[in-house]
Structures are given as structure tokens and as C-alpha cells.
Amino acid sequence: MSEQMSVKPAFSNRVLIWGEKQGRLGLPWQPADNSDFDVYKVWISEIMLQQTQLSTVLKRFDPFINLFPDVFSLASSKQESVVLAWSGLGFYRRAINLHEASKILCAQKNFKFPKKAADWVKLPGIGYSTAAAISAFTSSERIPILDINVVRVLSRHSLIVNPMSDVRSRAKLFRYAQIIMPHDPNLIPRYSQFIMDIGALICRKEKPLCSKCPVSSDCDAFQQQKVAKVKFRKSKVWKKIKFIWAIEFSGDMIILEYQRTGTLWGGLWTPKRYQEEIDLPKGASFLCSKEFPISNSILLLDIWLVKEISSFDSVKTKSFNLKSLDSIPVPNLLKEVLKEFKLLH
């Protein structure tokens, strides 16, 4: 791409034409007709879509909205209820931030949702890309959405090889994204949705479908056969975190401790945590090990059973009936382990 950042002809028109036929329409937070977007629903959907696949969000969106149909019901609910309703989406800090943001909004003397991305980004849990998306959909603000899907499309199209590697490259990508956006504000919501769709469905990280892409005819990376050379993120440096769960239970009762906000599984009730096996209660027996990625880490979790409830005096530690776990915010992993080893029926 030249330093003058020349505009590729009719880029936004091609995105719009493609999207009307092949874009993701009919999503539950999209208006069914030409009416305005529901700001609350768009905000909820964008938080849910952070680090979560669309297919998963589609399963959880309507149940969440049914429980909290507007920002006032969300703000007046207990944090524990919001976290429980978030079950299945993971990254529970998002639910806590969402709840905190709703309280901030409803505390205004004259309630109103933000109109600009610069105001949305001031709320907990909302970064630039999320703020831009909400504002583009609900206020038609002409501001580029730069989630990873859009970054793929634009960095390949303009051949910015390492778009997120430094401030200069990010600024260049932002300028390019602004140049090719429609100027008609009425087109901003559709365009924003469809360019994200192209990134998710066509301009994929692996095996992009360039032959089906509406903008491949003037895509610099495709035309110069350099699609594979465009890098989007630095390689993750995975660090390993190891700790132990001790599932203490007796009969139908289980001991769980509340994890404070800002820690792993913050806002949820989990089995007691231990760093070393030597710290485990007497009579503990090894059950299984689980290994899975969380953010930039690999979690190594050893799970032990203690078939006896020890004494406890912490307000953050309580006993629960195993049959009540569906009404308590607990990690899905705990339910899976209990079912796997037939400890929960």
C-alpha cells in the first residue's frame, strides 16, 4: 500500500452488496425491520462476543435478556444472579463488569446511554473495539471497528504485514479503515456488521476463502500472493499455572469457597484451592487432572476428593447441597467433573 493510502474503489459498496446476500442477518440483537437498534441489546451482545464464538452467544443471549430485559433490571440485580446467568459464556469478569457498568449508567440523574465510543469506553469492561461497535450500530458513528476479524480483512487488503505490532502500524490501519468506510451514516451499521462477517466467514486466519471474497480483486496480499505473510498477533508466551482443587463432600453436601473478583473464576464458587499436595486435608484421594488454556496461560489443575467435610469459619466458605448447583454460580468444569465421576446425578 502506498504511503498516500490510496482508496480502493467501491470497497464499502462491495462489502454491503455481499452482506445483504451472505452476511449474518437476523441475529437476536438486530432490529427485525428498519427500526433503530436496541442499545441495551447491542451492548449485551458485544460484551458476550468478546472472546466467545457466535454460536455460544446465540444460545445464551435470549435467556440472559429474559432474566434482565433492560439496564434497570440488570443494575438492580445481585451480582451473583448476573454471574449465574452468564454460565456457559466463560470469562466471568465480563459479567461483573457488565453489572458494574449498569449501576454506573443507572446512577445518572438523567439516565441516558452514551452516544459516542469515547464515552462507552469509560465504562468497565469496554475497550476501544467494543465501544466502536456499540456506537457504530446504535449511533451510526463513523468510527472503525478494529476487532480481530476486521483487522484481518483490512491488513491483508492493504498489505500491512504486522498491523498490531507497533503504534505506527496500528495508526496506519486505523487511517485506512476510516478512509474506506461509507460516508452515509445510514450505511454505517450494516457496513460494520458485514465487514466483521467477511473476516469471520471469508477472510479467516487459516485457509481464507479468497475466491469468495467480495474485495479480493484489489486485495494487495491476495494479488501479490502474500496472504500468509500478514501477521495479526504476536506469538503467545504461554505460562503454566498449577494448583489443586479439593472437592470436599459428604452425602449430598459439598464445601465451596467464593473466589474474589480479579482472580481465576472470580465471582464464582469453586472447590477449595491448594498450591501443594502437602497442604491437602487428610484422607484426600487423587481424582483426575485437567489441562486447558486460559488467556495467556495453561492451567494445570489437579482434582482431589475428600469424602468428609472439614470445619470452616470463613464467610467466603459455605456448604451447599449438590442438587442445588444449578442455582449457584460455579464453573461448568466442576459440574462436568462431578457428572463424569458420577458424583452428581
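The first residue of the sequence shown is numbered 1, and numbering continues consecutively from there. Computed from a predicted structure; not experimentally measured.
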**Q** Donor-acceptor pairs under 3.5 Å, side chain of residues 274-291 to any protein atom, not counting sequence neighbours: which ones?
**A**
unit_1 : atom_1 : unit_2 : atom_2 : d
Ser289 : OG     : Asp302 : OD1    : 2.6
Lys290 : NZ     : Glu340 : OE1    : 3.1

**Q** Could I get the full list of side-chain contact (heavy atoms from CB on, under 4.5 Å) partners for Thr263, not counting sequence neighbours?
**A**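 Listed in chain order: Gln259, Arg260.
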
**Q** Please list all pairs meeting ring-ring contact (aromatic ring centres under 6.0 Å, His included) that have one or both residues in residues 181-220, counting only residues at least two apart or in different chains.
**A**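 Matches after skipping sequence neighbours: none remain.
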
**Q** Can you list the residues that meet the side-chain contact (heavy atoms from CB on, under 4.5 Å) rule with Gln223, with sequence neighbours excluded?
**A**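 Gln223 satisfies side-chain contact (heavy atoms from CB on, under 4.5 Å) with no other residue.
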
**Q** Under the ring pair (Phe, Tyr, Trp, His ring centres under 6.0 Å) test, which residues partner Phe61, sequence neighbours left out?
**A**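 Phe61: ring pair (Phe, Tyr, Trp, His ring centres under 6.0 Å) contacts with Trp29.
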
**Q** Tell me, please, which residues at least two apart from Phe137 pass ring pair (Phe, Tyr, Trp, His ring centres under 6.0 Å).
**A**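 Partners of Phe137 by the ring pair (Phe, Tyr, Trp, His ring centres under 6.0 Å) criterion, ordered by chain and then number, come out as Phe37.
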
**Q** Return the set of residues passing ring pair (Phe, Tyr, Trp, His ring centres under 6.0 Å) with Phe222 (not counting sequence neighbours), or none when no residue passes.
**A**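 Checked Phe222 against ring pair (Phe, Tyr, Trp, His ring centres under 6.0 Å); zero matches.
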
**Q** In residues 103-117, what donor-acceptor pairs under 3.5 Å come from side-chain atoms, sequence neighbours left out?
**A**
unit_1 : atom_1 : unit_2 : atom_2 : d
Gln108 : NE2    : Leu105 : O      : 2.8
Gln108 : NE2    : Lys112 : O      : 2.9

**Q** Not counting sequence neighbours, which residues clear side-chain hydrogen bond (donor to acceptor under 3.5 Å, both in side chains) with Asp38? List them please.
**A**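 If we apply the side-chain hydrogen bond (donor to acceptor under 3.5 Å, both in side chains) test to Asp38, skipping adjacent residues, there are no hits.
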
**Q** Which pairs with one or both residues in residues 52-76 pass side-chain hydrogen bond (donor to acceptor under 3.5 Å, both in side chains), sequence neighbours excluded?
**A**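 Pairs touching residues 52-76 that pass the test: Thr52-Arg94, Asp70-Ser73.
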
**Q** Identify every side-chain donor-acceptor pair in residues 204-214 under 3.5 Å, counting partners at least two apart or on other chains, and give the distances.
**A**
unit_1 : atom_1 : unit_2 : atom_2 : d
Arg204 : NE     : Lys207 : O      : 3.3
Arg204 : NH2    : Lys207 : O      : 2.8

**Q** ring-ring contact (aromatic ring centres under 6.0 Å, His included): which pairs involve residues 320-342, sequence neighbours left out?
**A**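 Counting only pairs at least two positions apart or across chains, the ring-ring contact (aromatic ring centres under 6.0 Å, His included) contacts touching residues 320-342 are Trp269-Phe320.
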
